[in-house]
S.K.: 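Handing you a structure now.
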2 protein chains.
Amino acid sequence: MALISTQNDRTDLPLVVMPSIIESMVQPFREALPLLHDIARVRIYDDATLDGDVIVDRCADADAVMVIGFHVDDSMFDRLSDHVRCFSFGGTGVASYIDLSRARERGIAVTNVVRYGDHAVAEHTFALIMELSRRVGRLDAIVKSGRWDGLDGISLYGRTLGLIGFGGIAQAVADMATGFGMSTLVWNSHLHEEAVAAHHVTAVDDLGELLHRSDVASIHLPLTDSTTGIITADHLERLRPGTIVVNTARAEVIEPGALTRRLLRGDLLAGLDVFDHEPLPLDDPLRSVPGIVLTPHVAWRDDEAYRALSVQIVRAIAAFFTGSAFNRVV
Amino acid sequence: MALISTQNDRTDLPLVVMPSIIESMVQPFREALPLLHDIARVRIYDDATLDGDVIVDRCADADAVMVIGFHVDDSMFDRLSDHVRCFSFGGTGVASYIDLSRARERGIAVTNVVRYGDHAVAEHTFALIMELSRRVGRLDAIVKSGRWDGLDGISLYGRTLGLIGFGGIAQAVADMATGFGMSTLVWNSHLHEEAVAAHHVTAVDDLGELLHRSDVASIHLPLTDSTTGIITADHLERLRPGTIVVNTARAEVIEPGALTRRLLRGDLLAGLDVFDHEPLPLDDPLRSVPGIVLTPHVAWRDDEAYRALSVQIVRAIAAFFTGSAFNRVV
């Protein structure tokens with residue numbers, strides 16, 4: 001059953017269908033839909049499904065499909081491609097969800113969304129750092145258990161943050177660190193001088209040196225062929241005891257097993273949102289690292305990210321039907 | 001038994017005794033003691049005690065006493081005042097720990113420490129805000145219990161922070177908020193225009209209006225006769241549902257019972273480090289507030305604050321014995 005449908009009577013307009021949605025996105029999509037007024041009718045199903053037949057069925061008369069949370073496999077693609085003219089994907093890594101060359105061959109448009117979650121991920125990064133430096137979550141549990149023993153915090157003021165990667169997320173983290181009175185070092189394969197200057201950071205040529213000089217080290221590399229495994233066990237050897245290490249990017253940018261082995265020595269403070277295997281297996285040795293803080297790959301998830309995602313998807317479709325291009329991939 | 005004693009053989013130098021210390025301060029004091037080289041001998045006892053007789057006994061031949069964690073009551077004062085010439089107190093509210101008029105009458109110097117914990121309290125404030133906005137502590141508990149359900153965060157970027165009070169702590173919090181891309185409103189009885197401009201905040205004349213306009217409201221008032229109960233139930237009525245409310249200052253700046261009654265409605269997000277009664281009683285109704293985050297009055301406690309505190313105490317004593325004044329109260 002469609003939860004939301006707009007401009008039902010306007011059968012002169014093309015139809016956009018979102019066959020599956022997660023609950024947190026319903027309200028942001030509602031707020032974005034006026035952007036399609038007089039451009040397209042919309043039908044959104046709010047009961048999430050991964051069933052290909054259900055999805056195809058729901059999209060039977062769609063001119064465009066909003067794709068969130070499911071893969072458009074080749075069978076689904078073929079069954080939809082006789083009437084769907086545009087797939088609007090709700091994420092950045094669209095190539096893993098829709099066969100782009102197939103779309104190109106059939107002349108079907110594909111859009112994605114970009115940088116919708118920079119602030120969300122940056123804020124989650126700082127939240128992980130602060131849980132390691134101030135232990136509010138642990139203190140809250142102590143007080144709620146009826147005890148009153150405090151813990152000493154670790155000051156961030158005056159300390160050094162090392163950022164690995166320097167895209168939009170890392171730049172937002174750098175600004176936060178400046179507000180905290182930290183100084184920030186950056187390592188990246190390509191660094192734009194203007195960005196380095198604009199965010200008051202210092203470039204470091206050698207990744208091992210960056211890790212050695214950091215009191216807090218945070219990873220913000222995209223996962224590509226050239227970043228896979230780029231952080232090695234040797235690099236991690238350079239970390240000083242007591243360093244706070246945070247990863248909200250992708251586990252695969254670290255040499256397989258190297259982080260776990262380094263953390264199991266027990267002399268670092270680590271906060272991780274991403275893992276080689278998700279959900280994190282119950283027998284994963286990371287769970288045995290003393291004082292480690294673990295979150296279930298949620299860094300991108302907040303109200304602002306959902307809003308930006310919704311607006312971008314809707315704008316991409318509006319652009320498609322009005323003959324302009326926004327976030328076009330194919 | 002004295003844990004630390006310096007320049008034992010220099011009986012020509014005056015003796016400084018710290019009869020009681022907490023463990024976290026031992027190392028920072030060790031590092032600060034060279035400031036007394038050739039000025040005074042030091043003896044520090046590391047087994048904390050509140051026993052007046054033990055304290056007096058330990059200070060039997062002291063020329064100066066470092067006072068941390070215990071009250072110098074009148075009996076103790078009288079027994080020490082025949083040989084002690086200076087009390088160096090490790091906190092700001094010295095008048096609650098040492099009778100200053102008595103010190104004045106006897107010609108005994110008293111020193112305190114100032115603003116040693118501004119950054120610590122500001123960082124703890126932001127840690128409370130972030131535990132409410134990102135729930136890292138709760139997510140960590142979820143993952144460690146073997147589950148993988150995420151929670152949506154609340155974005156801080158672009159939101160409005162309202163600061164009640166605008167001393168050193170609030171100014172540090174304002175800088176952090178700027179780094180997060182928040183805009184900051186400030187209410188205070190006296191606002192210095194330069195500070196308002198330097199920290200890029202906007203002054204608001206009415207406390208109720210400040211609370212109404214804030215997505216995050218944080219209290220940073222010192223407790224004085226004029227601030228006691230200054231935040232009333234009527235003010236708290238102006239808070240909008242969903243607002244994050246944080247108090248790392250003093251509970252007594254809020255009208256008694258007003259915050260608890262407001263929070264029990266369950267439509268706000270609250271993080272508290274200070275309470276009317278500490279330790280927080282097990283039957284305190286605040287414990288029933290949905291989603292509340294509680295820490296045991298630890299905001300001031302971090303390595304940097306301990307270091308600043310230790311250095312100030314030692315500098316105050318060095319100044320006293322070399323004929324200058326630093327942090328002198330009497």
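Just so it is clear: chains get the letters A, B, ... in the order the sequence lines come, proteins before strands, and each one is counted from 1. These numbers come from the heavy atoms of this one structure, side chains and all, not from hydrogens, waters or symmetry mates. Note that this is a predicted model, so its numbers are computed, not measured.
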S.K.: Which atoms of A/Arg135 are under 4.5 Å from chain B, going by heavy atoms: the side chain, the backbone, both sets, or neither?
M.R.: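 Nothing of A/Arg135, per the 4.5 Å heavy-atom cut-off to chain B.
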S.K.: Name all residues meeting the side-chain contact (heavy atoms from CB on, under 4.5 Å) criterion together with A/Val289; count only those two or more places apart in sequence or in a different chain, and write none if there are none.
M.R.: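 Result, side-chain contact (heavy atoms from CB on, under 4.5 Å) vs A/Val289: A/Leu263, A/Leu264, A/Leu286, A/Ile292.
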S.K.: Can you pull out the residues in residues 150-158 of chain A with any heavy atom less than 4.5 Å from chain B?
M.R.: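 Those residues of residues 150-158 of chain A which have a heavy atom under 4.5 Å from chain B are A/Gly150, A/Leu151, A/Asp152, A/Gly153, A/Ile154, A/Ser155, A/Leu156, A/Tyr157.
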S.K.: Do you know which of B/Thr178, B/Leu280, B/Leu282, B/Val136 has the most heavy-atom pairs under 4.5 Å to chain A?
M.R.: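 Result: the option with the highest number of such pairs is B/Val136.
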S.K.: I'd like to know whether A/Phe126 forms a side chain to side chain contact (heavy atoms under 4.5 Å, CB included) with B/Phe180, so could you lay out the CA-CA distance, the side-chain angles of the two residues, the decisive distance to 0.1 Å, and finally the verdict.
M.R.: CA-CA 10 Å; A/Phe126 238 86; B/Phe180 272 69; 3.8 Å; yes
S.K.: Does atom OH of B/Tyr116 have more than 12 heavy-atom neighbours from other groups under 6.0 Å away?
M.R.: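 Enclosed.
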S.K.: Output the option from A/Ala127, A/Pro279, A/Pro281 having the highest count of non-hydrogen pairs under 4.5 Å with chain B.
M.R.: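 Ranked by heavy-atom pairs under 4.5 Å with chain B, first place is A/Pro279.
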S.K.: If you draw a 6.0 Å radius around OH in A/Tyr97, do more than 12 non-hydrogen atoms from other residues or ligands fall strictly inside?
M.R.: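 Open: at most 12 neighbouring heavy atoms sit under 6.0 Å from OH of A/Tyr97.
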S.K.: Which bit of A/His124 is near chain B, if near means a heavy-atom gap under 4.5 Å: side chain, backbone, both or neither?
M.R.: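 For A/His124, heavy atoms of backbone and side chain both lie under 4.5 Å from chain B.
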S.K.: Using a cut-off of under 4.5 Å on heavy-atom pairs, state which of B/Ala305, B/Gly137, B/Ala120 scores highest against chain A.
M.R.: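 Option with the greatest count: B/Ala120.
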S.K.: Can you confirm whether A/Arg315 is buried at CZ, in the sense that more than 12 heavy atoms of other residues, nucleotides or ligands lie under 6.0 Å from that atom?
M.R.: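 No, not enclosed.
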S.K.: Could you go through A/Arg134 and B/Glu123, starting from their C-alpha distance and side-chain angles, then the distance that decides it, and tell me whether this counts as side chain to side chain contact (heavy atoms under 4.5 Å, CB included)?
M.R.: CA-CA 8 Å; A/Arg134 307 293 318 189; B/Glu123 290 181 24; 4.2 Å; yes
S.K.: Between B/Met130, B/Glu131, B/Met176, B/Glu304, which has the largest tally of heavy atom pairs under 4.5 Å with chain A?
M.R.: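 Among B/Met130, B/Glu131, B/Met176, B/Glu304, the one with the most close pairs to chain A is B/Met176.
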S.K.: Under a 4.5 Å cutoff for heavy-atom pairs, which residue among B/Arg147, B/Arg307, B/Lys144, B/Arg138 has the most contacts with chain A?
M.R.: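 The option with the most such pairs is B/Lys144.
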S.K.: What parts of residues 160-171 of chain A touch chain B if we use heavy atoms and a cut-off under 4.5 Å?
M.R.: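 Expected list: none.
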S.K.: Which of residues 294-302 of chain A get closer than 4.5 angstrom to chain B, counting heavy atoms alone?
M.R.: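 Near chain B, by residue number: A/Leu294, A/Thr295, A/Pro296, A/His297, A/Val298, A/Ala299, A/Arg301, A/Asp302.
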S.K.: Surrounding NE2 of B/His212 (heavy atoms of other residues, nucleotides or ligands, distance under 6.0 Å), is the total greater than 12?
M.R.: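 No, not enclosed.
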S.K.: Go through the atoms of A/Asp273 and report whether side chain, backbone, both or neither lie under 4.5 Å from a heavy atom of chain B.
M.R.: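 Neither part.
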S.K.: Kindly give the heavy-atom pair with the smallest separation between A/Arg287 and B/Val143, and that separation in Å.
M.R.: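 In terms of heavy atoms, the two residues are closest at NH1-O, 2.7 Å.
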